[in-house]
Asker: 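Below are the structure tokens for one structure; questions will follow.
Below, chains carry the letters A, B, ... as their sequence lines are ordered, and counting in each starts from 1. All of these numbers come straight from a predicted model, not from anything done at the bench.
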Amino acid sequence: MKYDFKAVEAKWQKIWEDEHTFHAEIDHSKPKFYALVEFPYPSGAGLHVGHPRSYTALDIVARKKRQCGYNVLYPMGWDAFGLPTENFALKNHIDPHIVTERNVARFKGQLKALGLSFDWDREINTTDPDYYKWTQWIFLQLYKKGLAYKKETTVNYCTGCKVVLANEEVVNGVCERCGSPVVHRVKSQWMLRITAYADRLISDLDGLDYIERVSTQQKNWIGRSYGAEINFDTSAGDTLTVFTTRCDTLYGCTYMVVSPEHAFVQKWLDAGLIQNADEVRAYQAEAARKSDFERTELNREKTGVRIEGVTAHSPVSDEPVPIFISDYVLATYGTGAIMGVPAHDARDWEFAKKFGLPIIEVVHSQDGVDVNEAVFTDVATGTLVNSGFLNGLSVGEAKEKMADWLTANGRGRKQVNFKLRDWVFSRQRYWGEPIPMVYCENCGWQPIPESELPLRLPAITDFEPGPDGESPLARHTEWINTTCPCCGGPAVRETDTMPQWAGSSWYFLRYMDPHNPDALAGREALDYWSPVDWYNGGMEHTTLHLLYSRFWHKFLYDIGVVPTSEPYQKRTSHGMVLGLNPHSFVNLPADEQRALVAEHGGEAGAKAYLVEKYGEMAEHPVVKMSKSLGNVVNPDDMVAEYGADTLRLYEMFIGDFEKAAPWNPASVKGCKRFLDRIWALSDKLVDGDGIRPALETLAHRTVKKVGEDIDALKANTAIAQLMIYVNALYDNGGATRAEYELLLQLLNPFAPHMTEELWEQLGHTERLAYHPWPQYDPAKCTEATIEIAVQVNGRIKARIRVPADIDAPAALAAAKAEPAVAEAVAGKTLVKEIYVKGKLVNLAVKG
RNA sequence: GCCGCCGUGGCGGAACUGGCAGACGCAAGGGACUUAAAAUCCCUCGGUGGCAACACCGUGCGGGUUCGAUCCCCGCCGGCGGCACCA
């Protein structure tokens, strides 16, 4: 009988739903396992074929863990606040609540059709007031601890979305989402002091099982630098402090630079100390005008103005040091001022050359680099010169000695700086969590009482942002006007809402106890389920969501709300699913290729023709899926044509999970064939008890390999192993019941519908989903005799079959007895004999 | 520029810790079954030479270490991702 995947998949999906098969409850008698995938933003476009890659991978892990006896929590929900929904609502005059509801229903239907073993009883939605009550509650706690504050600040303002963006949302000076130019604006914004956690966010990575590229990227993003602050006295009678990682080069400092925004510049201007005030003001104005985009795209030619009338003095040599302003020094990093050491810093070297400033060598290079010709920045090899008490030291020693000297003489101190900036937390938008703060003329900003949470979003119909980029809520005076919780007088609500990252910064906690009305999650649930054991998600969230949620979690840990200091024990990341370029030569059907080659005189001609017709893109066989290329794959279509089990299998078989992989529609057939062959095998059951001797080694090996590969996220090779096993069953005339049941057990995490059906047909009444995972015997994973290679000087001369436990002398003797080997060795001197257990023999000969 | 990752057949990809390169699958070619097609089954499938056993070449390029290198080292070339004047 042919496999009717439609009927079988519908049947089992209904059973899982009716029986709540994958519902998890706290059970102290079992070890817990919390598997998590990033919950989706329910967009109007529906599920993309990329979503199931992550979901299926951890579904396989979760299913196997259940069979291994773990109490598994594998939840799903909706990260539903956000701009696309609001924009859609705005354009079509539909309430975003309704748009969200519709999109969620669609996503949920699509996910259920994939047979994912989510515990749907724990479904959450960030736009649900019972959920965002706790998002707001966390904000209030941050406020109470001084980690949320309002600040007048220049912010990134997207001219397209008319909204303030976080640094992380600005890519190459344009809006990450809409691509419009981003300009600077001064606004009063809520900020979160993530910088207070910068050090721990780096250091605590050490105890976690994150894939390396994730922890490296987070470390680089946070950007910890060890260095020193150095104080320079100025002729204005004040002290200008700089930050440097190279305090060893202080004797080489020939000038200083402050950023155009530095407070001292204004102070000196106001005091009339600057003789070229007009020139300085003009430079300040020019720098302020530049957008991020211009700062990024303009060539890096150094510009600047020397401040006439104020000079500094070197703390070590007491030499006068001129001061410049230049926009190559950033106001927001360090102290906003630097010391210029042109001999040993590439940027300073360039600046000094342009302005004709002296270049003094203080670190001598072994290779004799002339610092007037080229900058010398190597810290590993140089020796200090021209540097008083540092002469003769290495860079490392000199740094220490100088830092000590600065501290002892009150001229500076050691200092650690971070690139990470505080998190701009305000958005001038409607579709987000209202920030639970009110402003009173008398009392200033006041938090609303926790008893008033959730502060609900009012129902409105006009979603357009205000003229100056204010939130649409700013027009709704009936909602804004309230009373001050402090003095009872009139007050107004904050009209900005939270960014989309807010709701996703703690959602994994809510899954643990999703319906709790009294806390974000109950203590027992938090103690039992924390932390997330395995979290998989996209690389694009590494420096955004992943970092933000680690910050919030550490804060919640500090105030005693959660039991662990880190939210996720293990983090992995899947590669993107790409599409095949239908215009690339290699992707054309063979007959079309032949026709083109014939028509254009060879392959080169055919390719040139395609490039001419379709543009440069035609040279790339693998591209992002796009509507214009027509290579977008819809999961619904795949499920309808091949079934969910085939789709799941292909998603996993497509390639290395960590790497991007192209979706090849033709290859899906191979997975379908594999399942059909397994289905057909149910008619080929042969007599026999247990596993037949001919298949025993393979069976044990397969159990080992499939189990290990699932744990290592290598589903592709696990499936390959199962294919080998199935091919072997066919080669042996079919399967015994035991051989077949073993196959169904191992395949269940990958193809749960079909295997449950076949399991039931074999007469089982209990669910395969909870049937214990098979064991293997390591001793039975190798054959009694094995084939090893015999090499002479690394070249294979023969293959011999020997007992698996053969010792080296016997193996070498057997190897030498081979005629081909004897011939190759004859008349030569044997210099070395190698036997690698179970692998090969290699004889090294001379002459 | 800096940091990280990656280059293996026509394609996706395997290969434990330095030990038989190309598992598994797709596509392709040939054959069987069929009135025919689909489906299914069997065979071939890195390159060159040879009837053949077999020989030689082959993991981006050039060197090196080693009995032995896809894997380690040095120097290049190409691609992807992140950061980008962070002192």
Asker: So, A:R53 and A:E651, do they make that salt bridge, N to O below 4.0 Å?
Answerer: no
Asker: Are A:E641 and A:K672 ion-paired here, with the side-chain N under 4.0 Å from a carboxylate O?
Answerer: no
Asker: Looking only at the side chain of A:Q217 (C-beta and beyond, no hydrogens), which of the listed nucleotides B:G82, B:C16, B:A87 gets closest?
Answerer: B:G82
Asker: Measuring from the side chain of A:F243 (C-beta onward, heavy atoms only), which nucleotide among B:G19, B:A87, B:C6 has the closest atom?
Answerer: B:A87
Asker: Using the side-chain heavy atoms of A:K832, tell me which of these nucleotides is nearest: B:C67, B:A87, B:C6.
Answerer: B:C67
Asker: Can you tell me how far P in B:U44 sits from the matching atom in B:A23, rounded to whole Å?
Answerer: 13 Å
Asker: Can you check the distance between B:G60 and B:C6, where both ends of the measurement are the P atom (answer in whole Å)?
Answerer: 13 Å
Asker: So which nucleotide from B:C41, B:G12, B:G4 ends up closest to the side chain of A:T216?
Answerer: B:G4
Asker: Would you say a side-chain N or O of A:K839 is under 4.0 Å from OP1 or OP2 of B:G19?
Answerer: no
Asker: Taking CD1 from A:I678 and C1' from B:G25, how many angstroms apart are they, rounded to a whole number?
Answerer: 14 Å
Asker: Quick one: is A:N417 getting a side-chain N or O under 4.0 Å of the B:A87 phosphate, OP1 or OP2?
Answerer: no
Asker: For A:N581, is there any backbone N or O sitting under 3.5 Å from a side-chain donor or acceptor partner on A:S584?
Answerer: no
Asker: Given B:C26, is OP1 or OP2 found less than 4.0 Å from the side-chain N or O atoms of A:R673?
Answerer: yes
Asker: Give me the distance, rounded to whole Å, that separates B:C11 from B:C83 when you measure between the C1' atoms they each carry.
Answerer: 34 Å
Asker: Polar pairs (N or O, both sides) under 3.5 Å between protein and nucleotides 54-58 of chain B?
Answerer:
from: B:C57; atom 1: OP2; to: A:R795; atom 2: NH1; distance (Å): 3.2
from: B:C57; atom 1: OP2; to: A:R795; atom 2: NH2; distance (Å): 3.0

Asker: Quick check on B:G13: is either OP1 or OP2 less than 4.0 Å from any side-chain nitrogen or oxygen of A:T717?
Answerer: no
Asker: For the residue pair A:T56 and A:R648, confirm or rule out a side-chain donor-acceptor distance under 3.5 Å.
Answerer: no
Asker: Does some side-chain heavy atom of A:F264 sit less than 4.5 Å from a side-chain heavy atom of A:V258?
Answerer: no
Asker: Remember a base hit wins even if backbone is also touched, and classify A:E833 as base, sugar-phosphate or nothing at under 4.0 Å, heavy atoms.
Answerer: nothing
Asker: Any N or O donor-acceptor pair linking the side chain of A:K302 to the base of B:C85 at under 3.5 Å?
Answerer: yes
Asker: Between B:G49 and B:G10, how far is it from one P atom to the other, in whole Å?
Answerer: 16 Å
Asker: Which heavy atom of A:T377 sits nearest a heavy atom of A:R246, and at what distance?
Answerer: O-NH1, 3.9 Å
Asker: With a 4.0 Å cut-off on heavy atoms, is A:S225 in touch with a base, just the backbone sugar-phosphate, or nothing at all?
Answerer: sugar-phosphate
Asker: Counting any heavy atom closer than 4.0 Å, what does A:D656 reach on the DNA or RNA strands: base, sugar-phosphate only, or nothing?
Answerer: sugar-phosphate
Asker: How about A:Y255 and A:F351: are their ring centroids closer than 6.0 Å?
Answerer: yes
Asker: Which part of the nucleic acid, if any, lies within contact of A:K669, taking any heavy atom under 4.0 Å across all strands shown: a base, the sugar-phosphate backbone alone, or nothing?
Answerer: sugar-phosphate
Asker: Categorize A:A720 for me: base, sugar-phosphate, or nothing, with a 4.0 angstrom heavy-atom threshold over every strand shown.
Answerer: base
Asker: Taking the P atom of each, how far is B:A69 from B:G13, in whole Å?
Answerer: 27 Å
Asker: Using only side-chain N and O atoms of A:R213, determine if any of them is under 4.0 Å from OP1 or OP2 of B:C3.
Answerer: no
Asker: In whole Å, I'd like the distance from the CG atom of A:N220 to the P atom of B:G4.
Answerer: 8 Å
Asker: Return no unless some side-chain N or O of A:N664 is found under 4.0 Å from OP1 or OP2 of B:G25.
Answerer: no
Asker: With rounding to whole Å, what would you report as the distance between B:G46 and B:A14 at their C1' atoms?
Answerer: 15 Å
Asker: Return yes if a side-chain donor-acceptor contact under 3.5 Å exists between A:R213 and A:S573, otherwise no.
Answerer: no
Asker: Give a yes/no on whether any side-chain N or O of A:Y333 is located under 4.0 angstrom from OP1 or OP2 of B:A87.
Answerer: yes
Asker: Is there a Watson-Crick or G-U wobble partner for B:G81 with both distances under 3.5 Å, and if so, which one is it?
Answerer: B:C3
Asker: With P as the reference atom in both, quote the distance from B:G7 to B:U59 in angstrom, rounded to an integer.
Answerer: 14 Å
Asker: Is the backbone of A:S225 close enough, under 3.5 Å, to the side chain of A:N417 for a donor and an acceptor to pair up by distance?
Answerer: no
Asker: Can you measure A:F351 atom CZ to B:A87 atom C1' for me and round it to whole angstrom units?
Answerer: 13 Å
Asker: By the 4.0 Å heavy-atom rule, please label A:I654 as base, sugar-phosphate, or nothing.
Answerer: sugar-phosphate
